J.: 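Can you keep this structure in mind? I'll have questions shortly.
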Amino acid sequence: MVSFTPTEEQQLLLDTIRRYAVNDVRAAAHEADESGQIPPELTRTGWQIGLVPSAIPEELGGFGEMSALTGVLAAEELAFGDLAVALQVLSPALLAYPVSLYGTAEQRENLLPAFLEEQFIPATAALLEPGISFDPFDLQTVAAADNGKICLNGSKAYVPLAEDARMMLVYARNAESGDVDAYIVEKGAAGVQIEKREQLMGLRALPTYRVHFVNVEIEAAARLGGAVGSDFNVLLNRSQVALAALAVGVARAAFEYARDYAKQRVQFGKPIAQNQSIAFMLAEMAIEIDSARLLAWEAAWKLDRGEDATREAYLAKQYADKMVLQVADNGVQILGGYGFIREYPVERWLRNGRGFPTFTGMAIV
Amino acid sequence: MAISFEIPEFVQQMAQMAGFMAQTYMRPYARQLDENEHERPKAFVEAMWPILRDQQKATLEKLTAPPANGGDKGGEPKKKRPGTRNLQLMLMIEQLAWGDAGVYLCLPSAGLGGFAIEAVGTTEQKLRLLTRFAEGDQPVWGAMAITEPGAGSDNSSIATTAVFDEEHNQWVINGEKIFITSGKLALEESNGLVIVWATVNKAAGRAGIKPFVVEAGTPGVSIGKVEIKHGIRASDTVSIVFNDARIPADNILGSPEVQASSEDKGFKGAMATFDASRPIVAASALGVGRAALEFVKEKLAENGVEIPYTLPYHKLTAVQRDVLEMEAQWKAAYLLTLRSIAMLDEGLHNSLEASMAKVKAAKACAWIAQKAVEMLGMMGYSREWLVEKWMRDSKIAEIYEGTNQINTLIVARRVLDYSRRELA
Ligand SMILES: Cc1cc2nc3c(=O)[nH]c(=O)nc-3n(C[C@H](O)[C@H](O)[C@H](O)COP(=O)(O)OP(=O)(O)OC[C@H]3O[C@@H](n4cnc5c(N)ncnc54)[C@H](O)[C@@H]3O)c2cc1C
Ligand SMILES: Cc1cc2nc3c(=O)[nH]c(=O)nc-3n(C[C@H](O)[C@H](O)[C@H](O)COP(=O)(O)OP(=O)(O)OC[C@H]3O[C@@H](n4cnc5c(N)ncnc54)[C@H](O)[C@@H]3O)c2cc1C
């Protein structure tokens with residue numbers, strides 16, 4: 001049966017996140033962007049909403065709620081608050097979700113209970129690689145078998161929280177099979193070199209790093225899923241829809257702000273929203289945001305049914321990439337000169353929104 | 001409720017049936033009917049009439065059956081579960097428009113007139129007026145006439161008048177309606193009817209505008225110009241002239257309260273029919289868009305071009321980028337349409353979503369068809385293939401049932417919470 005109404009539980013969760021996004025995140029976002037620091041209490045409050053813990057399997061004490069659909073609903077709402085904060089709060093999922101989905105019994109028991117704690121546990125994943133032509137199916141980072149162990153070599157970029165992360169999931173090409181596999185690397189492993197924090201146009205509050213792996217030796221058991229491995233297609237699809245939903249959240253923030261601004265900014269004796277050129281821009285923004293949201297929902301819904309959602313996730317991500325740029329750009333435009341001033345949040349949403357085509361693998365549902 | 005995109009099995013089967021009709025009775029005639037503009041799609045009409053007639057019959061029987069038999073008559077209306085009626089219609093129309101958008105408009109049924117009767121008619125009127133669409137061997141058409149030379153987008157400035165003649169207990173209608181889809185089919189080629197929007201009091205503006213039913217054979221009604229068009233050439237588009245046309249007193253649509261209302265209830269009734277018909281126009285746009293998109297992909301595949309869904313953007317060729325963009329645009333339009341339809345089936349207010357879907361689907365699919373012509377080069381432009389026709393056919397969705405500007409205006413007013421006066 002076709003329906004566009006979230007379940008009651010999802011709605012309750014959304015209301016909670018909305019309060020956090022509007023009351024806590026928005027109040028801190030400007031300062032966080034300027035200073036490059038997300039206040040630890042803000043991360044903790046976001047963490048305690050319990051998104052990641054609820055996805056941990058029931059037998060380990062979580063709720064086993066690995067719904068991609070719930071994930072995209074939550075992601076949009078978080079990014080409506082601020083993208084950098086959203087990515088930070090969700091970063092432990094980059095490790096916890098793939099382990100929940102594909103981890104061996106041992107990996108799950110060893111790694112997942114940490115995420116049930118009250119305290120935010122920094123964890124992350126490394127997929128993106130430096131350069132101008134990244135292709136997730138043509139990774140340059142290689143994992144080679146070496147005397148019963150695995151040896152990792154290569155470089156990664158845009159790795160959130162790499163410096164603090166207790167553990168990191170590293171995506172690499174399996175030298176034997178040629179497939180993409182994921183490997184669990186603990187903090188402080190020899191040969192892991194973390195550069196100083198990256199300097200980006202947007203996401204200035206989120207610490208991201210370039211990470212080099214120089215003959216990093218890990219146990220064979222550190223391969224996600226052990227001998228069986230994992231399904232990178234599914235993980236990538238789950239990442240694509242997460243990012244699409246985050247883009248929708250950023251776009252909606254810009255849209256709502258510009259809409260409210262346009263209603264109260266008077267020029268030529270009337271609110272600027274009463275000019276069709278502004279009003280139509282806003283209508284168009286609303287239509288495009290809804291379009292992108294529905295594409296993400298449909299892809300997530302397919303994922304939850306265990307169907308192949310490669311096409312849907314890909315199209316949703318591509319659509320959202322373009323949409324968020326256009327909507328955020330219109331947001332700045334509608335504010336005129338004020339849009340260009342950092343005191344107003346729209347230019348931040350444009351800087352953050354511009355990055356989506358690049359942000360591969362930086363979030364997952 | 002939970003978010004779901006699952007189309008029930010039986011609805012999918014209905015859509016497949018419609019797809020079969022499109023393959024069999026539309027596609028093979030599409031070019032010929034485009035070239036011979038005013039020829040009627042005989043095979044299609046003959047195939048569809050018995051089906052639509054029996055559907056209409058079933059709907060009317062429900063109207064008179066007691067609730068115990070699943071009918072609506074008498075007693076407390078039972079709590080309605082979300083139905084699939086509009087969903088079925090959406091997917092059926094999408095398939096038929098894939099077959100041929102002009103021919104689809106010739107569906108022998110009450111059409112848009114039926115939407116209005118359903119929306120504002122009394123039970124007595126529904127039975128009296130719709131029975132002709134539910135019986136007999138001869139197809140019957142209905143039409144809806146709002147547009148006038150001086151009243152297009154601004155349909156509140158309608159100048160056609162209806163004056164009550166107490167002596168004969170009749171309404172007398174004068175004026176001219178233009179661009180009426182299936183007008184000739186309804187009034188001259190079958191025993192059909194046209195819903196005519198006319199003013200009973202010009203000074204009252206919107207509040208004075210009411211819907212009237214003009215039946216075939218009414219003296220004083222004549223078909224004026226038969227339009228020759230850019231696309232959807234198989235569709236019948238005509239002007240209708242009313243010269244002291246007299247109709248029975250109870251051919252004013254709606255309950256006496258609505259009829260006598262000094263508020264703009266009648267007009268709002270017309271607008272409410274748009275909530276149901278705009279998603280359907282969106283669905284017809286989707287059908288044409290899919291035809292063009294499928295065809296392009298088929299031709300590209302024959303030429304060895306595959307469409308990948310895993311390559312990063314910078315590794316795609318320009319042609320692959322175009323096709324992927326066409327697919328994403330189509331899907332977005334489809335999902336917006338599906339949402340507006342699901343809301344309708346759930347009994348939720350969907351004006352905003354209906355206008356969003358209509359704007360998006362019309363624009364995306366016109367763009368897709370234009371792109372298809374470009375991508376297929378000299379063959380895209382040639383009348384040997386149907387692509388150039390689909391481009392011409394796709395344009396109309398941006399024009400009727402409220403132009404894309406008018407529907408954008410509706411969306412804008414909604415998102416800004418502005419009245420018609422605040423945002424003109
Ligand atoms: C970096 C910077 C440097 C500047 N330098 C100077 C300077 O040296 N000297 C100086 O005098 N000024 C300067 N300005 C100001 C600049 O010229 C104004 O910001 C600009 O004219 C827009 O005015 P506004 O910001 O008040 O926007 P508004 O006029 O409030 O416009 C807001 C939005 O509404 C739209 N809009 C407004 N009216 C209408 C209408 N009738 N129809 C349709 N749309 C409408 C606008 O296009 C815009 O999108 C500078 C601004 C910046 C950001
Ligand atoms: C093939 C065909 C079939 C049709 N079938 C029917 C039918 O069955 N029944 C019926 O009643 N009508 C029918 N129509 C009429 C159709 O609904 C009108 O053509 C349409 O509403 C536009 O009116 P118009 O042509 O007078 O254009 P106008 O209203 O003159 O519009 C011209 C342009 O101005 C724009 N515009 C107008 N007002 C505004 C505004 N306020 N803000 C911004 N832009 C504006 C419009 O978007 C458009 O681009 C049909 C038309 C065609 C072509």
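The model shown is predicted, which means the values in this text are computed figures rather than measured ones. In what follows, every chain begins at residue 1, and chains take the letters A, B, ... in the order their sequences are listed.
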J.: Is there a side-chain contact between A:L73 and B:I3, using heavy atoms and a 4.5 Å cut-off?
T.: yes
J.: Quick check for you: to the nearest 0.5 Å, what is the distance between A:L295 atom CG and B:Q329 atom CD?
T.: 9.0 Å
J.: Would you mind telling me which of B:V411, B:I7, B:L336 has the largest number of heavy-atom pairs within less than 4.5 Å of chain A?
T.: B:L336
J.: What part of B:A357 gets within 4.5 angstrom of chain A, counting heavy atoms only: side chain, backbone, both, or neither?
T.: neither
J.: Please flag which part of A:K322 lies under 4.5 Å from any non-hydrogen atom of chain B: side chain, backbone, both or neither.
T.: side chain
J.: Counting only heavy atoms from other residues, nucleotides and ligands, does the tally under 6.0 Å from CZ of A:R305 exceed 12?
T.: yes
J.: List the steps, then state whether side-chain contact (heavy atoms from CB on, under 4.5 Å) holds for B:V415 with A:F255.
T.: CA-CA 10 Å; B:V415 301; A:F255 162 72; 4.0 Å; yes
J.: Which atom names give the shortest non-hydrogen contact between B:L316 and A:Y314, and what distance separates them?
T.: CD1-OH, 3.5 Å
J.: Less than 4.5 Å to any heavy atom of chain B: does that hold for the side chain of A:D138, its backbone, both, or neither?
T.: side chain
J.: If you count heavy-atom pairs within less than 4.5 Å of chain A, which of B:V11, B:D417, B:L324 leads?
T.: B:L324
J.: Are the side chains of B:E346 and A:F4 in contact, using a 4.5 Å heavy-atom criterion?
T.: no
J.: Quick check on A:F280 against chain B: is it the side chain, the backbone, both or neither that has a heavy atom closer than 4.5 Å?
T.: both
J.: Does A:T7 reach the main-chain N or O of B:A2 with its side chain, forming a donor-acceptor pair under 3.5 Å?
T.: no
J.: Below 4.5 Å from any heavy atom of chain B, which atoms of A:Q318 appear? Answer side chain, backbone, both or neither.
T.: side chain
J.: As an exercise: rank B:L335, B:V359, B:I341, B:L352 by heavy-atom pairs under 4.5 Å with chain A and give me the winner.
T.: B:L335
J.: Side chain, backbone, both or neither: which part of B:E353 has a non-hydrogen atom closer than 4.5 Å to chain A?
T.: neither
J.: Is it possible for you to check whether A:K263 lies under 6.0 Å from the centre of the six-membered ring of B:Y418, through NZ or CZ, and within 45° of that ring's axis?
T.: yes
J.: Answer with side chain, backbone, both or neither: which region of B:L348 has an atom nearer than 4.5 Å to a non-hydrogen atom of chain A?
T.: neither
J.: Considering non-hydrogen atoms only, spot the tightest contact between B:A328 and A:Y319 and give its length.
T.: CB-CD1, 3.8 Å
J.: Between OH of B:Y309 and CZ of A:R311, what distance do you get to the nearest 0.5 Å?
T.: 4.5 Å
J.: Just wondering, are more than 12 heavy atoms of other shown residues or ligands nearer than 6.0 Å to CD in A:E307?
T.: yes
J.: Roughly how far, to the nearest 0.5 Å, is NZ of B:K360 from CD of A:E284?
T.: 7.5 Å
J.: With a 4.5 angstrom heavy-atom cut-off, is it the side chain or the backbone of A:P357 that approaches chain B, or both, or neither?
T.: neither
